[in-house]
Every structure is written in C-alpha cells, then in structure tokens.
Amino acid sequence: MSQVQRDMPFSVIVDFFKKLETTTARTQLTAILVNLFKQTPPDVIDKVVYLIQARLWPDWKGLPELGIAEKLLIKAISLSTHSSDKVVEEILKSKGDAGLTVEALKTRLLEKSKGATLFSFVEKKQELTVNKVYEVLTRIALAQGEGSKDLKIRLLAGLLSDATPEEAKYIVRFVEGKLRLGIGDATIMDALSIVFAGGAHLRPVIERAYNLRADLGEVAKILASQGVEAIKQITPMVGIPIRPMLAERLSDAKEILEKVEGEAFVEYKYDGERAQIHKDGNKIIIYSRRLENITHQYPDVVEMALKNMKADKAIVEGEIVAYDPSTGELKPFQELMHRKRKYDIHVAVKENPVKVFLFDLLYENGVDYTVKKLIERRKRLEEIVNQTEEFRVAEYIRTSDPGELEKFFLQAISEGAEGVMVKALHEGSIYQAGTRGWLWIKFKRDYRSEMVDTVDLVVVGAFYGRGRRGGKFGTLLMASYNPENDTFETVCKVGSGFTDEDLDRIPEMLKPFIRDRKPLRVIAEMEPDVWVEPALVAEIIGAELTLSPVHTCAYGKIKPEAGVSIRFPRFIRWRDDKKPEDATTSDELVEMYRLQLRRISEKTAQTGEEA
Ligand SMILES: Nc1ncnc2c1ncn2[C@@H]1O[C@H](COP(=O)(O)OP(=O)(O)OP(=O)(O)O)[C@@H](O)[C@H]1O
C-alpha cells in the first residue's frame, strides 16, 4: 500500500471544518461528512472520527484529556510565531479567540518571509498529515508529571510551526476544547452508512455495532478496512464497554404486565450505581452507566468479581449499593458519594462498604448473550456466579399477577430499593444495548410521603447484629400503638442512628423485657431474634413513610395487604418519659402518611432522584 493511502493531508480535514462553519442544515452536514469519509483512507478513519467528536479517544479509556491552560497556549503560540507573549496576549484580547490569534500571527510571519525568497525556501515545511497531528496531540495529552508543562509547550509549538495559518487555527481550537462541530454520533453513523453501503440501510447495523462496542472510531475502522460483513459479525469484546439497555416507565402494575405480554421477571430496582463488570482472566474493569471507567472507586468489587465470577472472560451488569454491615440493610444512593473522592479510597472501602446485585449477563467466553432471551441470560448468570452475601443476583420473582407485582414492589421499597424493574420474558426479550424500550419497565411511585416529623415507637423485638456488632443487638423492631384494641403493630426495623454507647446499653435495657415468644399485645408478621415486651419508647425519623407488606401498622387501611412503614429509619433518642401507650398511634401514622403525600415532580420522576 502506498504512503498516500495510509495517511491523509491534514488540510483535507481543515477544508471539512471550513465547510461546516458555513452550514446549518443537517442534511448538508451529512453530505459534507460523506465527502470527507470518501477521501479518508481506512487506516486513519478512526482518528478522523475522534477529531470530529472533538476528542482523541473514547472517554471510557480513562486516558488524560489535552488539558492545555491558556498560559501554556499563549507560550506555544508565541514560540511558534516568533512573537513575544505580550504581543500574543494583546492580539488575543482584541480578537477574543486564540484560534484567530494564531492564524493572524502566522499569516503575518508568512508575509514577512515572502519578501526573502531564499529564506522562505529554507523554511519550507513538510505537509502536516492526520497521523502526524494525532500523534503529537496524543503525546501532549499523555505528558504527565515533572517537566510535562514544558514538554507540552514544545510539542504544541512544534506542531503549530509546521502548520499553515488555517491549520494552526483549528489545532488551537481543538486543544482548547472549542472545536465543537455540532455533529452528533447519529450523523456520523448516517454518513458511514452512505459511504460504505450507498444508502441508509446499513445504519441499524452500524448502530448495533456501536452499541456493542462504544467506540465509534473503532467501528468506522472495522467497516472501512474489513467491510460490511465484518461489521455485521461484531460481538461484545471484553474491555470495551457496551452501551446500556434502559427502561421505560409506567406506574400501573396491570398496564406494565400487559406491555411485557403477561409473565415477567420482577426485580428490585436498587438505588445505587450501575456497574458493567468486565472480567478478562485476572483483570477486572468496571464501567459506569455513562461508560466511565470507575474501577478505581471499587477495589472491593474488583476483588469480589475476581473471586466469584467463574467464567474466564465475561461481561455482567449489576447495581452497586451501599449498605450497613452491622444490620445488612441497604443505604440510599447518596452514600456512594464517599467513593468519588480519589484520595482516601481505602478508608471509604472500610467505612462505606457495598454490595453488588447482578441483573444481566452480556458476554461469556466467546458467546454473545445480548442476542439471547432474558431467561437464558439469567440462567447462565446464576451458573457462572458464585453467589455470596455481597455479590449476588438481584432479588426477583416471576409473575403475571398484578397483585403479586404490587406486593413485591412494596417489599422492595421498604427494603431500601427504589421500586422494581419489570422485565419481559418472551421470545424477543434480548438485551437491547443503547436503547430505551418496553422490554424493561421501571415501576416507581407517582407519590411519596415525605417524613417531616419524628414519631415515638415502641420496641417489640430485636435482631442480633453482624460484623462489628456481632453478638450484640444491632437492630430493633419498632411498633406503633393501636388504642382501638390495645395492641402494638410493627412499623419498621431500626438499625441506624445508634452511637456505640447506645448499642452497649441496649442489652441491659432490654433484659427485663425479653420474652421467648411473641408478647400477646404485639401484632407482627416478621419474626425477630428475640421478642420484647412493649415497654421502651424511642424517637425515630426516616426519609419517608411508605407501605410495606411485612409490617402490620394500620394493615389494609391505605392499601390491601400492606401496613404503614418508614423508609431508612434512624434512631434519635430514648423517650424514657413515655409509656408504651403514649407512643404514636397507628391512626396518627395513617394521617401523617396522607398529609405528607406529595406528587413526585416530573423532573425528579425522570431522573429517578427522589431527594
Ligand atoms: N434490577 C435492575 N435491573 C436493571 N437496572 C437496575 C436494576 N436495579 C437498579 N437498576 C438501575 O436502574 C437504571 C435503569 O433505569 P433507566 O433505564 O430509567 O435508567 P436511568 O435513566 O438511569 O434511570 P432512572 O432515571 O430511573 O435513574 C439502571 O441504569 C440501573 O442503574
């Protein structure tokens, strides 16, 4: 292959940038792009795609960005145009754009040199090519640490020296991050389809390839160098993220089941961070919902995956959720924020442990599972994962009954989940990468009942703690008072908010009241490790009042087969001044539930943030 076919003059791209600047209609954009791709040799089409996307590589690679500060840029411009920093700064001030500044200075330099013919002959430079520009920009981006500032300046100045005034303008805009062309991925895919298939019909195939390998440069290169058949054969590849499948939203159980054609998997919709876990031998990479590499935030998940994923090469998906190790209870999404701070990750791992709930298998040892039915994916997922307390498959039921779905939904919420995901099981239930569709439907609430006041509840049972709280009571079962029949009805389990001192005092406080069977006045569905005669009252606050199928407070009064409960309850203090009969009554909780009911606004409904 000749030199020309391997590379392309950078001026071709500059012409393209210029044409774009004068175009607004999308149809024209596509035509201009088609024209560019037709001239682009397969060897450099990936780089051309990245430059159009205003980046050097896909974000998920986690490589540094160009990161050129204005000061550095001025320095590089002044070096490459033999001007002082002061002159560059003045022109920059008047033009207000570094691209135009370098263009003006370079033009001036060129005109000067034209006077001296001999000099201009000596100065004649080699033509810049896409490979050359890309290579230097890459070296600039990757220069890190001591001395890297100087190196970046020298590299950029060298590149600008070799460039024509116009080329320099666009290079500067690129390194400044200001070369936004307004060309979306969709337009790039349209153009690729036209160039390589002569029309729009290849577009879905290209899109599928892109969804399976979130790297449009790579997809373009495979298409250009290996052809249409190769792109049709594309399967997921360990290490390259798959664009996530997303869900539609509805809030009526019956309607949801109709949409998925009857029977469905109903899974907890956990309130955490989505994780796409790639395993390649003893290497693990974790990608976020936005396909960022978040591996460094979760060294504990890496360890869990290495230990418990039995397949040598696999891609699985799940939700990472914060939890309280002393009670096993799940915590809200916000608790994962500790993992975002870079420096004290080992402290965060210790203090803010997480669990992983897996919900899908996308690839395993050469087999593309995205094209298989949900049942097959789930079955294989369970086979290749060694399930532990912290690393396991999402809680689910299989049902076609709206009543059962609703009950499971309430259970999910009272256990800290956001709602449920209802997933189609039928023949067409493939993994639709990169698509929001009706194969997955999220069932969240339209309303939530914000908890603004505290309540006073009575201890009726206790559970032994785990981990640090092993052997001690870690969680208390709390009840409201029902004066109508003089009973105590359970509302929630509380394990948060206790100081170490509080916890030390609990066994002694409970001792006189511990019973080996349920006290007669207690109405409960769940079975604590020990029962406690109603005597001790505590003040409790929570995130919201919810309904739960496992608690008995005002059971059936708001909704059949559900009682009033508290989500994320927290202990505030003991109310030694109150007798159990002075506790908040079940009717008061019903009243609070109704009064504090608020519609979840459209915005929060869409983002899923119910803060
Ligand atoms: N069992 C589950 N199956 C699939 N996704 C789950 C599950 N549990 C929690 N999730 C989370 O729910 C999200 C799917 O909801 P959706 O498709 O609406 O994406 P989203 O726009 O990020 O969601 P939302 O707006 O609800 O936060 C996933 O990205 C994932 O993080």
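Counting convention: from 1, in listed order, for ligands and their atoms alike.
For atom 8 (N) of ligand 1, the choice among Y396, Y270, F333 with the nearest heavy atom turns out to be Y270.
Those atoms of ligand 1 with a heavy atom of K442 less than 4.0 angstrom away are 16 (P), 18 (O), 23 (O), 24 (P), 25 (O), 26 (O). Atoms of ligand 1 lying under 4.0 Å from any heavy atom of E267, numbered from 1 in the order shown and given with element: 1 (N), 2 (C), 3 (N). Numbered from 1 in the order shown, with element, the atoms of ligand 1 that lie under 4.0 Å from a heavy atom of A247 read 16 (P), 17 (O), 18 (O). Within ligand 1, the atoms closer than 4.0 Å to a non-hydrogen atom of L246 are 17 (O), 19 (O), numbered from 1 in the order shown. Atoms of ligand 1 lying under 4.0 Å from at least one heavy atom of K444, given by number and element, are 26 (O).
F473 and F463 have their aromatic ring centers separated by at least 6.0 angstrom.
Salt bridge status for E273 with R339: absent, with no side-chain N to carboxylate O gap under 4.0 Å. Taking 4.0 Å as the cut-off between side-chain N and carboxylate O, R380 and E376 do not count as a salt-bridged pair. Checked for salt-bridge contact, D324 and K493 miss the test: no charged N lies under 4.0 Å from a carboxylate O.
With sequence neighbours excluded, the residues satisfying side chain to side chain contact (heavy atoms under 4.5 Å, CB included) with N308 are M304, N386, T388, F391.
Here M421 has side-chain heavy atoms under 4.0 Å from ligand 1, and that is the only part of it that gets that close. Only the side chain of W440 comes within contact range of ligand 1, with a heavy atom under 4.0 Å; no backbone atom does. Under 4.0 angstrom from ligand 1, there are no non-hydrogen atoms of E273. Contact annotation for R436 and ligand 1: only side-chain heavy atoms (C-beta onward) come within less than 4.0 Å of the ligand. Only the side chain of K423 comes within contact range of ligand 1, with a heavy atom under 4.0 Å; no backbone atom does.
Annotation: F359 places no N or O atom under 3.5 Å from an N or O atom of ligand 1; distance criterion only.
Looking at Q387 and E382, their side chains come closer than 4.5 Å, going by heavy atoms from C-beta outward.
A donor-acceptor pair under 3.5 Å is formed between the side chain of R567 and the backbone N or O of A417.
The shortest heavy-atom contact between E317 and W440 is OE1-CH2, 4.5 Å.
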